[in-house]
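The next block holds one structure in the form of structure tokens; read it before the comments.
Residue numbers begin at 1 in each chain, while the letters A, B, ... track the order of the sequences.
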Amino acid sequence: MTNDIPARDSPIAGGVEDGPVSVEVPAWRIAVATLGKSPLSMVGLGIVLLILVLAIFGPWIAPFPDDAGATVNFAERLQPPSWKHWFGTDIVGRDVLSRVIVGARISMMIAAFVIVLAVLIGVPIGIIAAYWGGWLGNILMRINEVFLAIPSLVFVLAVAALLGPSLPVVIAAIALAWWTWFARLAYGEALHIKEEQFVEAAQVSGAGGLRIAFTEILPNLTSVLVVKITLDIGYVILLGAALGFLGLGVQPPDPEWGIMVAEGRDQLPNAWWLTTFPGLAIFVTVIGFNLLGDGLNDLLGARQ
Amino acid sequence: MSVLDLTHISRNFGTASRPVRALRDVSLRIEKGERLGIVGESGSGKTTLARIVLGLTRTSAGTVRLLDRDVTAHSAADRRFIHGAVQMVFQDPMSSLNPRKRIKDIIALPLRAQGVGTAATRASRVRDLLDSVGLPQRFLNARPGQLSGGQRQRVGIARALAIEPQLLLLDEPTASLDVSVQARVLELLVGLQQRLGIAQVMISHNLGVIRHAADRVAVMYLGQIVETGTTAQLYASPAHPYTQALFSAIPRVGDKKRTLGEDHTLARGEVASALNIPDGCPFHPRCPRASHICRSAEPKQVEVSPGQFARCHLVEPMAGSV
């Protein structure tokens, strides 16, 4: 109200209320400035950007890109870390650093597909259940609870064992286990948002249920979704790696981090670098997405 | 043809054994271009009445006729008809505008939702609407968070006018605004009414606002209309003790003798619950003039002067009326 300037006389009763629109600072600049104050969030952002760069440009960055596949170089097998092979070499002489770098793409690909699928399935179901409520909401949320009750790793293992391990199966299986979390989140948020007066205003305007659900309620979910997506990317990468480790995920010779840890296990007392570096890659990536997610949570939570 | 004709409307909430009787036998008629004020304390049924007219809540009994069409059943077609004829300005300009949308999209929503015009005609209509509520064009791409309370309420008014409704409901449109801004929003509404001739129903418990914004007033108490009449009649000679109590509670500048509490017409105690409405006249526990008949029999509506009706045992019916 402090923006109001006394009205000038005008032919329209009430006068022109000509208070200035508050200066619009681009949202991203506020975001960068706020996030910048939290060193941990910046570390998270740095890690996430690094992983994204590796995932996109990995084959061009890796010193021995061919080692990502099924190459063999017995002359250099099981070498400890050196200037030539920073992370050492594996049992058939492949450069571990190159495999870790190229492996970022597989992990990010699993995470990206899973999250996109989970959001596309879970968010509409959650919003529809919350907005319509009644028997439809009940059915949708009971189905959701059935899925929630099964531990995701057990569910994914069962699906992968049933359909045979491959990348599309892994992605579909994790997504089927993961949509429930997005449905739950969207349901809770939408229940709260649907009580806002602007939803009633939209009903009075003649807007139908689908329009209200997706153009009035959904846009108000974006900040919580962004936080949840960021945090979940880390967890999906972890689950993907666990599947690889158990042999039910991506198959060798693809340089997936979980498989690399599993393969290195046999050489553990001596060739520690085979498990340590892929393990560190998983660890750092998950930590990175968590730190960024926490930072975004503080940032977006504070603005609401 | 009346714009709105409510006959014997009742609405109960809760269970059949313990009903919350939000509205009891309410009849109201609003003519074209008329401005009706509805006053009453919280819980008197004002909001339920508005929601019934808007097609958001069904009636338990009675009929709702909108522009000569019976819309009591609230079928899908009825609701479309209602949304095309009745619009609402909400109480809280903060939460009644979606914070994520741009002003132009908020104002265009009724047009878009009801499929009025093309994208181009809608855009020009939105610009005209901004003009007519006295907001500059540069607000088109702004979001609600960038506007002041008074500006937001103007956006709410523009949205309600977008489809050229026949009836505009105003639910405490000025309650959450600064006094200086209140006056300007009210002047805007008066000006729009004079230019467009839209019938208006203003719900308020601010009697000062109602005095300026209404031609006729209906006073509600515990789900009933206890008195109706023209604004002049009610402000000059309120008949029902409740109306008298309400109006005597208006503070007047320079009126040194009257202090709150001394006045015998002030209603005592709290408004009863709609769960447990007193027998007889629902107002009798608080009425300074209640006698034994008020405790036993429910009063009928009597005409106290031409066009002024009150539900009270103690008022004298006008000569010649039944």
Side-chain angles (χ1 to χ4, degrees), chain A residues 1-27 30 127 189-190 192-226 300 302-304, chain B residues 51 54-56 79-80 82-84 86-88 90-92 94-101 105-106 109-114 131-136 138-139 142-143 145-151 154 156 159-160 162-163 169 177-178 180-181 183-192 194:
Chain A
M1 231 68 83
T2 48
N3 285 345
D4 282 359
I5 293 168
R8 286 176 256 125
D9 284 332
S10 96
I12 302 153
V16 173
E17 195 164 327
D18 205 8
V21 181
S22 57
V23 183
E24 188 166 9
V25 181
I30 300 174
I127 295 178
E189 288 290 313
H192 161 74
I193 293 166
K194 86 177 221 203
E195 299 303 325
E196 298 271 349
Q197 235 174 31
F198 62 77
V199 172
E200 196 165 281
Q203 289 167 345
V204 169
S205 297
L210 284 176
R211 182 188 291 272
I212 292 175
F214 293 105
T215 71
E216 300 290 325
I217 295 179
L218 180 60
N220 287 283
L221 286 175
T222 43
S223 27
V224 279
L225 283 178
V226 164
L300 299 168
R303 282 181 68 204
Q304 276 183 337
Chain B
R51 289 180 59 88
L54 289 165
L56 299 177
R79 282 205 305 273
R80 271 197 299 278
I82 292 172
H83 298 322
V86 187
Q87 285 293 304
M88 167 115 167
F90 289 84
Q91 177 172 6
D92 182 2
M94 199 70 121
S95 82
S96 65
L97 306 183
N98 191 336
R100 292 280 168 171
K101 297 180 82 177
D105 295 321
I106 290 173
L109 178 63
L111 300 170
R112 214 174 279 159
Q114 301 187 24
D131 273 342
S132 60
V133 297
L135 289 175
R138 63 199 162 86
F139 282 16
R143 291 184 205 275
Q146 296 166 265
L147 273 58
S148 71
Q151 292 164 345
R154 282 161 192 267
R159 169 177 61 190
I163 52 142
L169 295 189
L177 303 178
D178 279 357
S180 62
V181 183
R184 277 188 277 144
V185 169
L186 278 182
E187 280 173 53
L188 168 68
L189 288 172
V190 171
L192 287 171
Q194 283 166 355

[X] vs [Y] side-chain heavy atoms within contact, under 4.5 Å:
X        : Y        : value
A:Glu196 : B:Asn98  : no
B:Arg100 : A:Glu216 : no
A:Phe198 : B:Ile106 : no
A:Ser205 : B:His83  : no

(request) Heavy-atom distances under 4.5 Å only: say whether B:Arg79 touches chain A with side chain, backbone, both or neither. (result) neither
(message) So for B:Leu97, is it side chain, backbone, both, or neither that comes closer than 4.5 Å to the heavy atoms of chain A?
(response) backbone
(message) Heavy-atom pairs under 4.5 Å with chain A: which of B:Arg159, B:Met88, B:Lys101 has the most?
(response) B:Lys101
(request) Give the member of B:Ala160, B:Gly84, B:Ala113, B:Gly156 that has the highest number of heavy-atom pairs under 4.5 Å with chain A. (result) B:Ala113
(message) What's the separation between atom OG in B:Ser95 and atom CD in A:Glu200, rounded to the nearest 0.5 Å?
(response) 9.5 Å
(request) Nearest 0.5 Å please: distance from the CG atom of B:Leu54 over to the CD atom of A:Gln203. (result) 10.0 Å
(request) Counting only heavy atoms closer than 4.5 Å, note whether A:Thr215 contacts chain B via side chain, backbone, both or neither. (result) both
(message) Under the criterion side chain to side chain contact (heavy atoms under 4.5 Å, CB included), I'd like the reasoning laid out for A:Gln197 against B:Met94: C-alpha separation, chi angles, the key distance, then a yes or no.
(response) CA-CA 9 Å; A:Gln197 235 174 31; B:Met94 199 70 121; over 6 Å; no
(request) Sequence neighbours left out, what passes salt bridge (Lys or Arg N to Asp or Glu O under 4.0 Å) with A:Lys194? Give chain and number order. (result) none
